[in-house]
Structure formats: structure tokens, C-alpha cells
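The chain is numbered in sequence order, starting from 1. Read the numbers this way: they start at 1 and go in the same order the structure lists the ligands and their atoms. Everything quoted here is computed from the prediction, not taken from an experiment.
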Amino acid sequence: MSGSNSDRSQEVFERKWSTYYNAVVGRPPRETLLTALGNFELERLEDSITNTCVSKFAVDLGCGEGRDTVELLHHGWRVLAIDGEAEAITRLLERLDSDGQLLETLISRFECVTLPKSVDMVNASFSLPFCLPEHFPELWKKITLSLREGGRFCGQLFGERDSWAIFPTITHHTRQQVEVLLQPFEIEMLEEEEHPGKTAIGEDKYWHLFHIVARKK
Ligand SMILES: C[S@@+](CC[C@H](N)C(=O)[O-])C[C@H]1O[C@@H](n2cnc3c(N)ncnc32)[C@H](O)[C@@H]1O
């Protein structure tokens, strides 16, 4: 039967990211990023001995047109912004002001990305589910290894009831699987969101998300 779930499970998920970038122009940074930044700030206030003027270093993985990268730069962070789409990096560079000296960019797919060591934060807002599932375990290992002790991961994963979880090229997790992924971390936020809604470009979608902020042990 045309359009049934079993037919769709053979479909390749395709996105015109350009349309997404146009739709989210001017949107604010993600709450997960703001929470992680707030937690770093609390630590800085609590531990004034370790307060230095050296910029902290973040990787923005799947940065898109840069809503989170720009926020990090405004907070004085050094950022390596990574995306598989050249257009994302072009748009990010076009929206920069003088904060650009703290920014490095890289066009790379998650499936073959190399991440730096001793990173203070890996931010991956609404991007990791687009890593091919067979490559996700290796990507997660790279993220975990790239973070220093006390560094933070923030971002989203899709749950198993998300309407895009039927696509074989989309990565999704159960809550139990998310908890296993987060074993090397202290969990600071693990919020599950589930409801019918729309995508940024107005398509109907059933959302099942995990919003995560976690501090590496
Ligand atoms: C939904 S957008 C999120 C962008 C931004 N982080 C935000 O919160 O608006 C997902 C981003 O991940 C990138 N992306 C998707 N699959 C990718 C892959 N396999 N490797 C690298 N980047 C990928 C897309 O190009 C896109 O910019």
C-alpha cells in the first residue's frame, strides 16, 4: 500500500537545509546551550581561584546558520563550528561581526569528523539525529573523548516515537539508551518532550526529543 510505514522505512530521509536556514533566521540560541553556559558561569562564580581570562573552547557540531555559535562568541568563547553543508558555514561567516577572530570553521560530515582534544563544551543542537545510525556510536565516542573532565555536552537526541525515527538514516534512542550514553557524565538536564507539532519549515511532525546538558565526570 502506497505511503504505509513499511514503504516509508525504505525511504532515504532528505532535507533541503537551505530552506531550514531561511526559516530560522533571527531565532534565539537554544535553551540547552543557555543552560550549559549558565552552569559554567555558576562554577566560575563559585571557584574564583580558577577564574582566568583565557577563552573557553567550544565545538558547535552541526552549527547550521549559527544561532548558537554567535551566542558562544558573544560570551567570549572560542568556537570551532562544524557542519556538513558548506552553505551553513557561508551563512555563519556572513553574519559575523568583530567576534570572528575567535571562530574557526570546518565543513565535515559527522561520519568522518575529527574533533580536537580538551574541549570545554560540545554543543550539538538538533543535529546528532542526522548522523547515520551505523556511525553514531563512533561519533559519540569522539564527543566524549574530546571533552575535558568537567566539560559539558549540550544538545538533543530523537526518541523512538519521533515521526522521523522510521527513516533508516536517522538516529534515535530510547530513554534507557540515552541514559547509557550519559554514563560518563553527571546529568544536569535530561528533559523528554513529546507531542504533535510542526517543523521549522511548517511540516507536520510528531516530536519525541531528549534535551540534554551533561558534565563529563
Ligand atoms: C536541524 S539543523 C540544526 C542547526 C543548528 N544547530 C540549530 O540548532 O539551528 C541540523 C544541521 O546539521 C547538519 N547536518 C545534518 N546531517 C549532517 C551530517 N551527517 N554531518 C554533518 N552535518 C550534518 C545540517 O547541515 C544542519 O545544518
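- Of all the heavy atoms of C63, the ones lying under 4.0 Å from any atom of ligand 1 belong exclusively to the backbone.
- For ligand 1, the polar-atom distance check finds an N/O of G84 within less than 3.5 Å of one of the ligand's N/O atoms.
- Using a 4.0 Å cut-off between heavy atoms, R67 contacts ligand 1 through its side chain alone, with no backbone atom that close.
- Listed by number with element, the atoms of ligand 1 under 4.0 angstrom from any heavy atom of S108 are 21 (C).
- Backbone and side-chain nitrogen or oxygen atoms of Y21 are examined, and one is located within less than 3.5 angstrom of a nitrogen or oxygen of ligand 1.
- Among T199, D83, T169, L132, the residue whose heavy atom lies nearest to atom 11 (C) of ligand 1 is D83.
- Near F126, meaning under 4.0 Å from one of its heavy atoms, ligand 1 places the atoms 1 (C), 2 (S), 3 (C), 10 (C).
- Taking distance alone, with nitrogen or oxygen atoms compared against 3.5 Å, D60 stays at or beyond that limit from ligand 1.
- Residue nearest to atom 8 (O) of ligand 1, selected from R91, E111, R30, R109: R30 (by heavy-atom distance).
- In E203, the CD atom is crowded: over 12 heavy atoms of neighbouring residues, nucleotides or ligands sit closer than 6.0 Å.
- Counting protein heavy atoms only, atom 9 (O) of ligand 1 is closest to Y20 OH, 2.7 Å.
- At the shortest separation from atom 17 (C) of ligand 1 among protein heavy atoms lies F110 CE1, 3.5 Å.
- Ring orientation note: the planes of W17 and Y20 are nearly perpendicular, at an angle over 60° on the 30°/60° scale.
- Using a 4.0 Å cutoff on heavy atoms, G66 does not count as a contact of ligand 1.
- No donor-acceptor pair closer than 3.5 Å links the side chain of N123 to the backbone N or O of L33.
- For atom 3 (C) of ligand 1, the nearest non-hydrogen atom of the protein is S125 O, 3.5 Å.
- Ion pair E41/R44 flagged as a salt bridge, since at least one NZ, NE, NH1 or NH2 atom sits closer than 4.0 Å to an Asp/Glu carboxylate oxygen.
- The pair E179-R175 meets the salt-bridge criterion, with a side-chain N (NZ, NE, NH1 or NH2) lying under 4.0 Å from an Asp/Glu carboxylate O.
- Ligand-side atoms of ligand 1 in range of E85: 25 (O), range being under 4.0 angstrom from any heavy atom.
- Heavy-atom proximity to atom 6 (N) of ligand 1, evaluated over G62, S18, G64, is greatest for G62.
- In terms of modelled atom types and a separation under 3.5 Å, the side chain of W207 and the main chain of G197 share no donor-acceptor contact.
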Decide yes or no on side-chain hydrogen bond (donor to acceptor under 3.5 Å, both in side chains) for T32 and Q156, but give the supporting numbers first.
CA-CA 8 Å; T32 37; Q156 284 72 25; 3.2 Å; yes
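- With a heavy-atom cut-off of 4.0 Å, A124 does not touch ligand 1 at all.
- Rounded to the nearest 0.5 angstrom, T171 OG1 and F110 CZ are separated by 10.0 Å.
- With respect to atom 16 (N) of ligand 1, the closest heavy atom belonging to the protein is F130 CB, 3.3 Å.
- Cation-pi contact between R152 and F40: present, with separation from the ring centre below 6.0 Å and deviation from the ring axis of at most 45°.
- The aromatic rings of H211 and F126 sit perpendicular, their planes meeting at an angle over 60°, well past the 30° parallel limit.
- In this structure, K205 forms a cation-pi arrangement with F158, its terminal cationic atom sitting closer than 6.0 Å to the ring centre and no more than 45° off the ring axis.
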